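To keep things clear, I will list the structure first and then write my remarks on it.
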Amino acid sequence: MTGLMREQVEQSLRAVQDPYLGKDLAAAGVLKSVDGTVVKLELPYPSLGVAIGLSEEVARQIQNDHGISVQVTVGHRILAHQVQRGVKLMEGIKNIIAVASGKGGVGKSTTAVNLALALAKEGAKVGMLDADIYGPSQPRMLGISGKPTSKDGKKMEPMEGHGIKAMSIGFLIDDETPMVWRGPMVMQALEQLLSDTRWGELDYLVVDLPPGTGDTQLTLAQKVPVSGAVIVTTPQDIALLDARKGLKMFEKVGVPILGIIENMSFYICPKCGNEDDIFGHGGGVAMAEQDGVEFLGAIPLDRSIRNEADNGAPTVVAQPDSRLAKIYLELARHVAGRLAIQAVDHSHKFPNIVVQNR
């Protein structure tokens with residue numbers, strides 16, 4: 001059987017768009033090798049959920065263009081991307097993603113944990129840092145109990161739940177113990193949770209930030225090598241006003257905004273299936289357009305999302321084949337794709353950003 005030339009494959013890849021990178025596969029540079037009739041692609045984001053469909057689409061395109069039947073395999077390799085200039089990198093952690101909101105009550109923590117679990121399901125090594133010292137919620141959402149141990153008396157071993165590593169002040173205190181610390185103690189605790197945990201090798205560390213734009217957010221932005229931030233909002237005007245403050249804070253300190261997620265975007269009646277925009281419509285899209293950032297997607301208001309998180313098995317693991325889980329998986333691929341786009345060194349354009357080379 002006649003083999004393919006690399007140029008022929010590149011030609012066919014120009015006709016296949018990658019929705020997560022926003023460009024065709026040739027421009028994205030994902031062609032790893034061509035060996036006779038075996039084509040290997042390597043995506044820069046975790047892609048287990050789309051690999052088969054993409055390989056079939058590429059094979060069809062090559063067949064149509066060149067009349068050659070090929071075997072296409074799709075893998076992924078996740079790189080470390082840019083962070084704020086002057087911030088010390090963390091060994092073993094390729095990318096730190098901050099999930100933030102301007103105000104409480106928008107479902108940020110539930111969104112953060114489902115994003116982390118979706119990234120893991122797509123094939124990435126993932127950790128979760130609960131940065132909300134006053135109101136930690138990730139231990140319960142991940143269904144993790146007990147306290148972390150230390151093998152060397154210096155660093156804590158992360159807890160694990162549903163295939164991801166996790167650390168939270170909630171593992172170190174009783175559930176009913178109130179945190180009455182002042183700002184400096186909170187900042188020290190956050191830095192210790194991050195640096196004194198033996199995270200190992202991670203593709204992504206998702207950081208669930210407390211709401212607002214206070215000391216915790218500023219410490220994270222100034223001292224932690226953040227690859228990008230995701231802003232979670234709801235459609236109401238008041239939520240959007242506060243979300244924009246969070247967005248502007250990250251922009252000022254040189255943290256790239258990966259995009260906006262609109263949570264509780266619409267309500268689906270469990271009896272009739274009718275959709276209702278009870279909190280308004282299109283606010284997240286309008287904010288993204290006004291601020292020149294990506295609108296990553298919308299999550300409906302659904303009782304099961306809350307129930308599953310409260311029960312320690314968030315939607316992505318409780319209902320892995322459901323419509324809701326597929327929404328989170330799609331959002332996770334978009335977030336990872338946005339990070340991958342930033343892999344090219346743009347430091348000459350953005351002086352506050354430096355690219356990790358590891």
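Atom set for the values below is all heavy atoms of this structure, side chains included, hydrogens, waters and symmetry mates excluded. Keep in mind that what you see is a predicted model, and the values were worked out from it rather than measured.
- Under the 4.5 Å side-chain criterion, counting only non-hydrogen atoms from C-beta, P235 is not in contact with D277.
- A donor atom on one side chain and an acceptor atom on the other are found under 3.5 Å apart for D302 and S304.
- Heavy atoms only, all atoms of each residue included: P46 and R333 are closest at O-CG, 4.0 Å.
- In this structure, K125 does not pair ionically with E201, as no charged nitrogen and carboxylate oxygen lie closer than 4.0 Å.
- One N or O on the side chain of Q8 and one on the backbone of M5 form a donor-acceptor pair closer than 3.5 Å.
- For the pair N311 (side chain) and A313 (backbone), a donor-acceptor distance under 3.5 Å is absent.
- Between E308 and T315, the side chains place a donor N or O and an acceptor N or O closer than 3.5 Å (distance only, hydrogens not considered).
- The main-chain N or O of V316 is found under 3.5 Å from a side-chain atom of N114 such that the two form a donor-acceptor pair.
- K248 and D291 are joined by a salt bridge, as a carboxylate oxygen and a charged side-chain nitrogen come within less than 4.0 angstrom of each other.
- For the pair N95 (side chain) and H81 (backbone), a donor-acceptor distance under 3.5 Å is present.
- Although no hydrogens or angles enter the test, the distance criterion places a donor-acceptor pair under 3.5 Å between the side chain of K121 and the main chain of P320.
- Side-chain N or O atoms of T197 include none that pairs as donor or acceptor with a backbone N or O of L194 at under 3.5 Å.
- Smallest separation of non-hydrogen atoms from V126 and A120: CG2-N, 3.6 Å.
- For the residue pair T234 and N263, no side-chain donor N or O sits within less than 3.5 Å of a side-chain acceptor on the partner.
- Closest approach of A336 to Y204, counting heavy atoms only: CB-OH, 3.4 Å.
- Formation of a donor-acceptor pair under 3.5 Å by the Q138 side chain with backbone atoms of S109 is found in this model.
- Residues H66 and S12 meet the side-chain proximity criterion, which asks for heavy atoms closer than 4.5 Å.
- Using a distance-only test at 3.5 Å, with no hydrogens or angles considered, no donor-acceptor pair links the side chain of E42 to the main chain of V30.
- A donor-acceptor contact closer than 3.5 angstrom is absent between the side chains of Q11 and D65.
- Residues satisfying the side-chain contact (heavy atoms from CB on, under 4.5 Å) test with A26, not counting sequence neighbours, are E10, L13, R14, D24.
- Contact annotation: the side chain of Q71 never approaches that of V39 to less than 4.5 Å [non-hydrogen atoms, C-beta and beyond].
- Without hydrogens or angle criteria, K108 side chain to L209 main chain gives a donor-acceptor distance under 3.5 Å.
- Partners of E57 by salt bridge (Lys or Arg N to Asp or Glu O under 4.0 Å), not counting sequence neighbours: none found.
- Considering only residues two or more places apart in sequence or on other chains, D310 meets the side chain to side chain donor-acceptor pair (under 3.5 Å) condition with none of them.
- Looking at every heavy atom in both residues, T110 comes nearest to A309 through CG2-CB, 4.1 Å.
- When the salt bridge (Lys or Arg N to Asp or Glu O under 4.0 Å) test is applied to D203, the partners found at least two apart in sequence or on another chain are K94.
- Between S69 and T37, every side-chain heavy-atom pair lies at or beyond the 4.5 Å cut-off.
- Salt-bridge annotation for K40 and D35: absent, with no side-chain N of the basic residue lying under 4.0 Å from a carboxylate O of the acidic one.
- Put simply, CD on Q319 and OH on Y328 are 11.0 Å apart, with the number rounded to the nearest 0.5 Å.
- The minimum heavy-atom distance linking A116 with M128 is given by the pair CB-CE, 3.8 Å.
- Among residues at least two apart or in separate chains, side-chain hydrogen bond (donor to acceptor under 3.5 Å, both in side chains) pairs with a member in residues 160-170 are D130-S168.
- To the nearest 0.5 Å, the span separating CD1 on I231 from CG on L247 amounts to 5.0 Å.
- Considering only residues two or more places apart in sequence or on other chains, Y20 meets the ring-ring contact (aromatic ring centres under 6.0 Å, His included) condition with Y45, H334.
- Between L172 and P148, the shortest heavy-atom distance links the atoms CD2-CG, 3.5 Å.
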